Amino acid sequence: MEQKQKVKSGTNGGNGPGGGVITTIANTIDQSDFQSPTIAPLKNVAMATNALEKAIKRPRHLPGMICFYGPSGFGKSYSAAFAANKHNAYYIECKSTWSKKAVLAALAKEMGLVPARTMYEMTEQITERLAITDRPLIIDEMDHIVKREAVEIIRDLYEGSGCAMLLIGEENLPNALQKWERFHGRILDFIPAQAADANDVKILAGFYCRRVKIAEDLQIELAKVAKGSIRRICVNLARIEDEALESGMTEIDLHTWSHVLKKQFWTGEATIRKEYVR
Amino acid sequence: MKFPVDKIPVNKTREFLWNVILKKREFNISELQIECPLDRTTIYQYIRLLEKAGYVEVIERGMPSKGKENRYRLIRPVSEPPRLRADGSHVTQGIGRQNMWRTMRIRKVFTLDDLVALSSTEHKVSPEEAETYMKFLEKAGYIKNTDGKSRPKAAYRLIKDTGPKAPMIQRIKRVWDPNLREVVWPN
């Protein structure tokens, strides 16, 4: 049973003829898969980077803001970090305490400018830089800006510069933006973040579990218990690698993990603190 | 170009010169020299490279015999000064570290694997590169191990975020912070 599954997972990745020598096939596939590893194909990463690219390259009569939203834990910020690197973006993460002026000051600093004294001057300063438009702007935790009624500031910056922007927020962000009618019309795409799946697990394993090969059944199980969270996947992949190497294995499947090693996944749910167990 | 970065005054940096160009849009070398106290040849060489790489174009040929200079126009404004090789191609050195630094600032808490995964775009970052960079940043007090594990799996936290520019490791193994413009380790 187990072996059959391994062969299956082997053939969908490469061009292995028949299932004769399982280990050799697995090895060759490993190498071709990881030759140039990148997390670019992760679902949310691909959506965020592609949408931002589309906004950067848009014809000028189209709107240039992207709204990327979804429940926390789906890896929105994680994806945004990659997108920021890929497009050399300016990035700010808003705080609940930020006033309108604080938003502008943070932006100015992020752009390497010495913040001017008044809001008006700072807006000018920032717009002038953004108008060069080779570097997009990513605003994370956009919900705080909405709550603080500072949305108009972002619109001013956009109007003044035409710079592509990626606005990231919780599930409710599109609705919240609806309230600012003039803002809503400037959004090119609304992109809902997706739950991570087994394929995402496979891609992440290339980085977080480099030295151990994880069988497909274990990948699928991990995707299930992670409930779509990229962070949970990464933490568990790291644990699997550690535990497997400690037991001298370079390959591991679900049965070995849960019945031979008797390990459980980290699910992020509270457990009893060890020091209190007497 | 091999001059140690901590010995260069602000108004003699490439960035400073580029900001002057961004502001002026059309210029000749003398006009740049008024605002930026660099050698004439240094400025001229950089402008020639910019021309080769398609960032500026000549709009008026000068006549050296009559003391008339070339006049240039900026045709491809970008936010950061292009770093160019003698043949006009782009320098890629430092992109990996810039990406890692940006990743640290965005994630705040991260592992070595996070840095490698998130910083590897078209430009790949190897675990070894990440290891080296983290080692120096830890010594210089930028990041801190938060869970006592050893490096590949340990969670680190960024505890000193000095600005958007990535701290540099100089040839002589010192850490230079271009945001503060000072040597931060050893101090």
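In what follows, every heavy atom counts, from backbone to side chain, and hydrogens, waters and symmetry copies are set aside. A note on names: the letters A, B, ... follow the listed sequences, proteins ahead of strands, and every chain is numbered from 1. Treat the numbers as computed from the prediction; the structure is a model and nothing was measured.
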**OP:** Before giving the answer on salt bridge (Lys or Arg N to Asp or Glu O under 4.0 Å), spell out for B:Asp113 and B:Lys153 the whole-Å C-alpha distance, their side-chain angles and the decisive distance to 0.1 Å.
**Re:** CA-CA 7 Å; B:Asp113 290 341; B:Lys153 299 283 181 253; 3.2 Å; yes
Original post:
For B:Arg105 and A:Glu110, what are the C-alpha separation, side-chain angles and deciding distance, and is it a salt bridge (Lys or Arg N to Asp or Glu O under 4.0 Å)?
Top reply: CA-CA 11 Å; B:Arg105 295 184 70 224; A:Glu110 168 65 18; 3.0 Å; yes
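Interface residue B:Lys108: only side-chain heavy atoms are found under 4.5 Å from chain A. Proximity to chain B is absent for every atom of A:Glu128, based on heavy atoms less than 4.5 angstrom apart. At a 4.5 Å heavy-atom cutoff, B:Glu15 makes no contact with chain A through either its backbone or its side chain. Residue B:Arg76: no heavy atom, backbone or side chain, is found under 4.5 Å from chain A. Only the backbone of A:Ala89 comes within contact range of chain B, with heavy atoms under 4.5 Å apart. In this structure, chain A has no heavy atom under 4.5 Å from any part of B:Ile95. Both the backbone and the side chain of A:Asn88 come within less than 4.5 Å of a heavy atom of chain B.
A salt bridge between A:Arg117 and A:Glu121 is absent, with no side-chain N of the basic residue lying under 4.0 Å from a carboxylate O of the acidic one.
With chain A as partner, the option from B:Pro127, B:Pro164, B:Pro77, B:Ala117 having the largest number of non-hydrogen pairs under 4.5 angstrom is B:Ala117. The candidate with the highest count of non-hydrogen atom pairs below 4.5 Å against chain A, out of B:Thr111, B:Thr103, B:Asp114, is B:Asp114. Residue with the most contacts toward chain B among A:Cys234, A:Gly112, A:Ala84, A:Ala40: A:Ala84 (heavy-atom pairs, distance under 4.5 Å). Comparing A:Lys109, A:Arg135, A:Glu93 by how many heavy-atom pairs each has under 4.5 Å with chain B, the most go to A:Arg135. Among B:Gly163, B:Ser79, B:Ser120, the residue with the largest count of heavy-atom pairs under 4.5 Å with chain A is B:Ser79.
Judged purely by distance below 3.5 Å, without hydrogens or angles, the side chains of A:Asp140 and A:Ser77 pair a donor atom with an acceptor atom.
Pairing each heavy atom of B:Glu129 with each of B:Lys124, the nearest pair is OE2-O, 3.9 Å.
Seen from the ring of A:Phe74, A:Lys76 does not count as a face-on cation partner, given the 6.0 Å and 45° thresholds.
Between A:Tyr208 and A:Tyr78, the ring planes lie tilted relative to each other; the angle falls in the 30° to 60° range. Taking the six-membered ring where tryptophan is involved, the planes of B:Trp101 and B:Tyr142 are perpendicular, since the angle between them exceeds 60° and thus also 30°.
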